[in-house]
Structures are given as structure tokens and as C-alpha cells.
Chemist: 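The structure that follows is given in the form of C-alpha cells.
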Amino acid sequence: MSWWRGAAIYQVYLRSFADGSGDGVGDLAGLRARLPYLRELGVDALWLSPWYVSPMADAGYDVADYRDIDPLFGTLAEADALISEAHDHRLRVIVDIVPNHTSDRHPWFRAALAGGPGSPERERYHFRDAPNDWPSRFGGPAWTRVPDGEWYLHLFDSSQPDLNWEHPDVRAEFESILRFWLDRGVDGFRIDVADRLVKADGLPDLGPGPDPMDLPHADRPEVHEIYRSWRKLLDSYPGERMFVGEIWVSDPARFALYLRPDELHTAFNFPFLRSPWEADRLRAVIDSTLASHGPAGAPPTWVLSNHDVTRHVTRYGRSDTGYTQRTRDEPADLALGTRRGRAAALLTMALPGGVYLYQGDELGLWEVLDIPAELRQDPVTRRTNGAELGRDGCRVPIPWEGADPPFGFGPGRTWLPQPPEWRALTVAAQERDPDSMLSLYRTALRIRGDEPALGDGTMTWLPAGPDVLAFTRDPGFACVVNLSRAPIELPPHTRVLLLSGDLAHGLLPPDTAAWLQQGEP
């Protein structure tokens with residue numbers, strides 16, 4: 001079986017993982033020193049957020065040079081060493097690729113500005129005499145005017161001009177970039193905003209009430225030609241390399257088109273991430289996911305948090321447990337969110353396919369809501385004039401050890417402040433506690449690696465109450481998650497493999513999950 005079909009992949013948000021240089025920002029030296037921790041955790045691969053040369057207007061998603069490492073993180077030689085050392089630890093390396101836009105400091109965009117209206121350099125981007133009505137996903141309009149009077153398109157921040165994927169230079173450049181990193185030994189790519197590269201001819205207005213199935217700036221059919229070309233390139237390399245797409249397409253049938261055998265290997269399952277902590281909604285998403293992936297022969301992926309969304313411990317502790325924009329500092333019951341987060345971890349790791357873990361998930365970190373306004377760095381906060389809090393709260397550097405910040409992250413202050421309360425959640429503190437979130441994740445990942453039933457494959461629902469999720473994975477493995485308000489009996493089993501919380505008089509309490517062995521091992 002190909003490794004990516006059932007892998008546990010750990011997202012490293014590099015600037016917040018570990019600081020080896022002492023400047024308060026995570027880097028390659030810090031990550032290299034912590035590779036043994038990740039191997040012991042039990043994951044199979046790392047996905048690294050962008051590490052390229054960048055002005056950091058959007059935390060590295062504004063790339064100025066795709067073939068070099070930003071000095072904030074280290075050097076190209078250190079990247080080569082990381083790839084080699086990760087492989088020595090039996091960890092594969094997936095890197096972020098950002099093909100929808102470049103930085104406004106990229107040499108191409110600088111040449112476009114210098115070339116002026118009608119120049120060949122401007123044809124690599126989307127320039128026009130007047131803007132259309134498209135909004136930026138970061139707030140405000142998706143167009144910025146340059147001094148000569150023309151406007152350029154940016155679906156995100158104004159520092160991130162969108163590339164014109166109809167231009168042959170763009171297509172050739174990104175195939176060259178892919179080869180550059182494949183030649184250096186990376187095992188795959190996470191494709192940023194993979195569904196938005198191609199725009200409709202003429203860049204027409206959205207108009208009132210746009211058809212969500214026919215947006216001019218998303219999920220255009222022409223994008224599949226790009227990924228078929230990329231897949232041929234990837235398949236020309238030895239070993240099993242892979243693509244995972246960031247695809248925000250709600251229609252399951254159209255989502256599945258990206259997973260055809262000659263396109264992407266996998267894609268993020270955002271409907272699952274967005275689902276509230278409700279049994280019927282979760283079951284519907286699981287069924288829909290399996291149904292859409294089956295015909296394509298692609299494995300599903302399951303993810304609870306990432307660098308763009310509110311951490312799930314906080315979401316699950318709120319009255320509305322689904323994913324929402326950060327428009328207010330809604331309080332959360334963190335004890336409840338943590339209990340549900342433990343159960344959700346066992347749910348995701350028991351489902352068929354691969355699982356993605358965001359750094360700090362294994363520590364039970366919550367969203368940091370009280371970051372002072374002057375320290376927030378996410379452009380979403382600026383572009384919405386503070387109406388949205390932005391994504392900084394899920395990007396706070398993780399705690400490693402000690403009783404006070406910076407909790408072993410590095411020798412000095414961290415680029416975003418850590419809550420003092422995280423002293424109970426450091427790696428060192430949790431390693432001493434067999435009932436900690438870290439211990440739960442390590443045990444679950446070990447069982448997941450040992451159990452032939454887990455990872456890729458099929459599942460069968462068991463009879464259960466309306467607020468209970470119960471299913472089997474052949475041979476002889478069962479998962480039960482109690483989302484009801486009362487304890488429930490466990491289905492027949494020969495052994496309890498793992499619990500997210502203690503049983504109460506032999507019953508599974510609310511917001512608790514169990515892994516069971518059914519029959520003889």
C-alpha cells in the first residue's frame with residue numbers, strides 16, 4: 001500500500017514550532033533538534049508551511065523566491081540537511097507550494113510594474129484598466145491600483161498578486177519549481193488554494209447572488225489540466241511522491257474530480273473540520289466523504305485544526321461547535337473542549353484514510369484570544385479593520401518545557417506571546433502524565449501503526465443511538481464515540497484498547513471515545 005494512503009501527517013508551522021537561533025521565531029535549526037520528538041510521537045510525515053524567501057506580509061504565503069529559504073528560517077543547506085535527517089528518522093517531508101500568487105516583491109511582479117501597461121511582463125499577472133466586483137478573501141476588494149492607473153488582481157492580500165495561469169511562462173516556471181524540490185528529495189507537496197488558480201475569461205463580475213457552482217475565480221474546469229501535467233511530472237520521479245490539495249469545494253462530485261487517478265493523490269477534508277460536535281452532522285460528513293472518494297479510488301483525509309482555523313479545543317468548548325470566522329472573542333469551556341478534543345482525536349485516527357495533525361493538537365492547545373492588537377500580524381485583521389481577529393491565535397509558539405514563557409521554545413521572547421497557563425501543557429509536563437493529551441496521542445498513533453485494520457480501508461457502521469458514532473474496521477477493531485448527554489453501554493468486545501476518558505461504572509460517559517478489540521487478536 002502506498003504510504004500516503006493511510007499516513008499520519010504532522011503539520012509544522014515553522015515559525016511557531018521551535019527556535020534554534022534565539023530570535024523568537026521558529027526555524028530549521030529548531031525543527032531539526034526536535035525531530036526525535038516527532039518520531040517518538042509516531043507520525044509518518046511532516047508538512048512544512050512555506051519556508052521560502054518572503055517579505056512575510058502573510059507569514060510566508062507571499063513568496064519572493066521559490067528556490068531558496070528565507071534567512072528567518074535558515075539556509076538552503078539546512079533545508080537539505082532537514083530532509084536527509086527526517087528520512088533518517090523514517091519521516092517523509094511534504095512542502096508547501098503557493099501557485100495562485102506571488103509576493104509583490106517577486107522579480108516578475110517588479111518587472112510588471114516597471115514594464116507598464118501593455119508590457120509582456122504584465123501578462124503573467126491580471127492587470128486591467130478598471131476593477132471588477134470580486135472581493136478579497138482577506139476582506140475588502142480584490143483589486144489594487146498602481147501609479148500608472150491600472151489595477152491588479154489579488155484574491156488575498158494586496159501584497160499577493162494573482163498569477164495568470166493561462167500564460168505559458170507561469171506553467172513552465174512552476175513545473176521547474178516542482179523539479180527543483182523533488183531533486184532535493186522532498187516526498188510531496190501541499191498545494192495552497194489549489195482550486196483557485198484559473199479564472200474565467202474576461203474576469204466577469206460576480207453580480208448579485210452568484211451561482212456557487214459557477215464562480216469565475218474558483219473551481220474552473222481548466223485547472224484540472226494543470227494537475228494532470230503536474231502528476232505526470234511527479235510520477236516521473238522514483239519512489240512514492242504525493243500531492244495534497246487545499247480545496248474549498250463544497251460539492252462532493254466536483255471535489256472528487258481533483259482526485260482522479262491522473263491528478264492529485266489526496267485533498268483536505270474541510271467539511272469534516274467545519275462540522276459541529278453533533279453525531280448526525282459528523283456521520284453525514286463521514287458518509288459523504290467516503291462516497292465521494294470511493295469512485296476515484298482516493299483515500300480520505302481527516303483533520304481537526306490547522307494554521308488557518310480556530311483550534312478545535314476552543315471550538316468544541318463553545319455553544320456553536322462548528323467552524324466560524326473569528327469575529328468575536330466568544331468564551332469557551334476549555335475543560336469541555338478538551339474532553340471533546342480527546343474523543344475527536346480517537347475518532348479521526350480510527351476513520352479510513354490519512355489523518356493530519358496540526359502542531360499543538362497533541363498537547364491540547366487552545367486558541368489564544370487575548371493577543372494585544374499591536375502584536376497581531378495576520379493581514380486579515382488589518383484588512384477587516386479588526387472586525388475579524390485573524391489567525392494569530394492558532395499560531396502562537398508551542399510550549400516545550402518550564403514554568404514560564406517562552407517554555408523552552410527558544411532562549412528569548414516569542415514572536416507571539418504564550419499564555420502563562422500553558423505551563424500545564426508543555427511537552428515536559430505531559431510526558432510525565434500517562435493521562436495527558438500527549439500520552440493519548442502517542443498511544444493512539446502507536447496502536448494505529450500496529451493495527452492492520454487502521455489507516456486505509458473500509459468501515460462499517462454499528463447499530464447505535466442517534467447521538468452515538470460506532471463503527472468497525474476489519475479485522476476486529478471498533479470505535480465508539482458518545483456524543484449524547486448520558487453514559488452508554490459499550491458494544492460487545494474482548495478488550496478495551498484505548499479510552500479518551502475513564503469509564504463510569506463500566507459505561508462510556510458523554511463526550512468520550514473508546515477503541516475496542518472485538519474477537520481474538
Side-chain angles (χ1 to χ4, degrees), residues 10-41 43 46-57 59-60 68-86 88-89 91 93 307 311 357-378 391-433 436-438:
Y10 187 96
Q11 181 188 356
V12 175
Y13 189 72
L14 194 56
R15 65 196 298 120
S16 297
F17 187 70
D19 172 19
S21 67
D23 63 357
V25 178
D27 49 35
L28 289 171
L31 173 56
R32 290 170 64 191
R34 299 291 185 176
L35 286 175
Y37 165 80
L38 295 174
R39 179 64 262 170
E40 187 176 354
L41 180 62
V43 295
L46 314 179
W47 153 36
L48 278 77
S49 54
W51 54 5
Y52 312 108
V53 174
S54 167
M56 299 294 163
D68 203 357
I69 302 300
D70 194 276
L72 186 68
F73 302 132
T75 65
L76 190 57
E78 286 181 284
D80 289 338
L82 170 73
I83 294 168
S84 175
E85 291 165 9
D88 289 343
H89 285 282
L91 295 167
V93 178
H307 66 293
R311 285 191 177 273
L357 315 175
Y358 178 46
Q359 65 180 40
D361 284 357
E362 78 279 15
L363 303 178
L365 301 187
W366 60 76
E367 187 83 359
V368 181
L369 300 172
D370 58 354
I371 300 171
E374 65 272 16
L375 296 181
R376 290 187 177 273
Q377 299 190 25
D378 189 352
R391 300 162 293 176
D392 293 313
C394 67
R395 299 175 176 185
V396 174
I398 66 174
W400 290 95
E401 60 191 10
D404 298 292
F407 295 123
F409 176 75
R413 296 177 63 183
T414 54
W415 70 280
L416 287 174
Q418 299 162 307
E421 296 81 4
W422 277 5
R423 64 176 58 91
L425 301 182
T426 67
V427 172
Q430 296 200 44
E431 284 182 328
R432 297 190 294 267
D433 180 2
S436 69
M437 185 77 81
L438 178 58

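As the structure is a prediction and not an experimental result, all values here were calculated from the model.
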Chemist: The criterion is side chain to side chain donor-acceptor pair (under 3.5 Å); which residues satisfy it with D80, sequence neighbours excluded?
Modeler: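 Applying side chain to side chain donor-acceptor pair (under 3.5 Å) to D80 gives R184.
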Chemist: Quick one: side chain to side chain donor-acceptor pair (under 3.5 Å) partners of W47, sequence neighbours excluded?
Modeler: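 Applying side chain to side chain donor-acceptor pair (under 3.5 Å) to W47 gives D96.
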Chemist: Hey, does the side chain of Q430 reach the backbone of S436 with a donor-acceptor pair shorter than 3.5 angstrom?
Modeler: no
Chemist: Quick one: closest heavy-atom pair of R34 and A18, and the distance?
Modeler: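 Looks like CG-CB, 3.9 Å.
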Chemist: Just by modelled atom types, is the R376 backbone N or O under 3.5 Å from a matching donor or acceptor in the D392 side chain?
Modeler: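 Pair absent, no side-chain N/O of D392 close to backbone of R376.
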Chemist: Which pairs with one or both residues in residues 409-425 pass salt bridge (Lys or Arg N to Asp or Glu O under 4.0 Å), sequence neighbours excluded?
Modeler: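 As it turns out, the salt bridge (Lys or Arg N to Asp or Glu O under 4.0 Å) pairs with a partner in residues 409-425, which skip direct neighbours, are D404-R423.
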Chemist: Sequence neighbours left out, what passes side chain to side chain contact (heavy atoms under 4.5 Å, CB included) with R39? Give chain and number order.
Modeler: H89, R90, L91
Chemist: Output all residues satisfying side chain to side chain contact (heavy atoms under 4.5 Å, CB included) with A428, sequence neighbours left out; order by chain, then residue number.
Modeler: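 So A428 forms a side chain to side chain contact (heavy atoms under 4.5 Å, CB included) with E401, T426, R432.
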Chemist: Could you tell me whether the side chain of Q418 and the main chain of P397 form a donor-acceptor pair under 3.5 Å?
Modeler: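 Indeed, once roles are kept as given, a pair shorter than 3.5 Å links the two residues.
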Chemist: Run the side chain to side chain contact (heavy atoms under 4.5 Å, CB included) test against E40 and tell me which residues pass, sequence neighbours left out.
Modeler: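 If we apply the side chain to side chain contact (heavy atoms under 4.5 Å, CB included) test to E40, skipping adjacent residues, the hits are R442.
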Chemist: Using the ring pair (Phe, Tyr, Trp, His ring centres under 6.0 Å) criterion, which residues pair with W415? Sequence neighbours excluded.
Modeler: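 In terms of ring pair (Phe, Tyr, Trp, His ring centres under 6.0 Å), with neighbours along the sequence ignored, W415 is linked to no residue.
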Chemist: Could you tell me if the side chain of L416 sits less than 4.5 Å from the side chain of S16, heavy atoms only?
Modeler: no
Chemist: Of all residues at least two apart in sequence or in a different chain, which pass the ring pair (Phe, Tyr, Trp, His ring centres under 6.0 Å) check with Y358?
Modeler: none
Chemist: Going by atom type alone, with no hydrogens or angles, which donor-acceptor pairs under 3.5 Å involve a side-chain atom of residues 21-30 and a protein atom two or more places apart or on another chain?
Modeler:
from, atom 1, to, atom 2, distance (Å)
S21, OG, D19, OD1, 3.4
S21, OG, D23, OD1, 3.1
S21, OG, D27, OD2, 3.0
D23, OD1, V25, N, 3.0
D27, OD1, G20, N, 2.8
D27, OD1, A29, N, 3.4
D27, OD1, G30, N, 2.8
D27, OD2, G20, N, 3.2
D27, OD2, S21, N, 3.0

Chemist: Just how far is it from atom CG of L41 to atom CD of E362, taken to the nearest 0.5 Å?
Modeler: 5.5 Å
Chemist: Holding to side chain to side chain donor-acceptor pair (under 3.5 Å), I want the full list of residues that pass it with Y52, two or more places apart in sequence or in another chain.
Modeler: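 Result, side chain to side chain donor-acceptor pair (under 3.5 Å) vs Y52: none returned.
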Chemist: So L38 and L31, do their side chains get closer than 4.5 Å, heavy atoms only?
Modeler: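 Yes - at least one pair of side-chain heavy atoms lies under 4.5 Å apart.
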Chemist: Once side chain to side chain contact (heavy atoms under 4.5 Å, CB included) is applied, do any residues pair with P372, and if so which ones, sequence neighbours excluded?
Modeler: E374, L375, P417
Chemist: Do side-chain atoms of D68 reach the backbone of V53 as a donor and acceptor pair under 3.5 angstrom?
Modeler: no
Chemist: Side chains of P399 and L365: closer than 4.5 Å at any heavy-atom pair?
Modeler: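 Yes, their side chains come closer than 4.5 Å.
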Chemist: Hey, could you give me the CG/CD distance between D88 and E85, rounded to the nearest 0.5 Å?
Modeler: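 Spacing of CG (D88) from CD (E85) equals 7.0 Å.
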Chemist: Are the side chain of R395 and the backbone N or O of H307 linked by a donor-acceptor pair below 3.5 Å?
Modeler: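 Judged by distance alone, yes, a pair lies under 3.5 Å.
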Chemist: Checking the side chain of Q377 only, and the main-chain atoms of A59 only, is there a donor and an acceptor separated by less than 3.5 Å?
Modeler: no
Chemist: Can you sort out the partners of F17 under ring pair (Phe, Tyr, Trp, His ring centres under 6.0 Å), two or more places apart, ordered by chain and number?
Modeler: W400
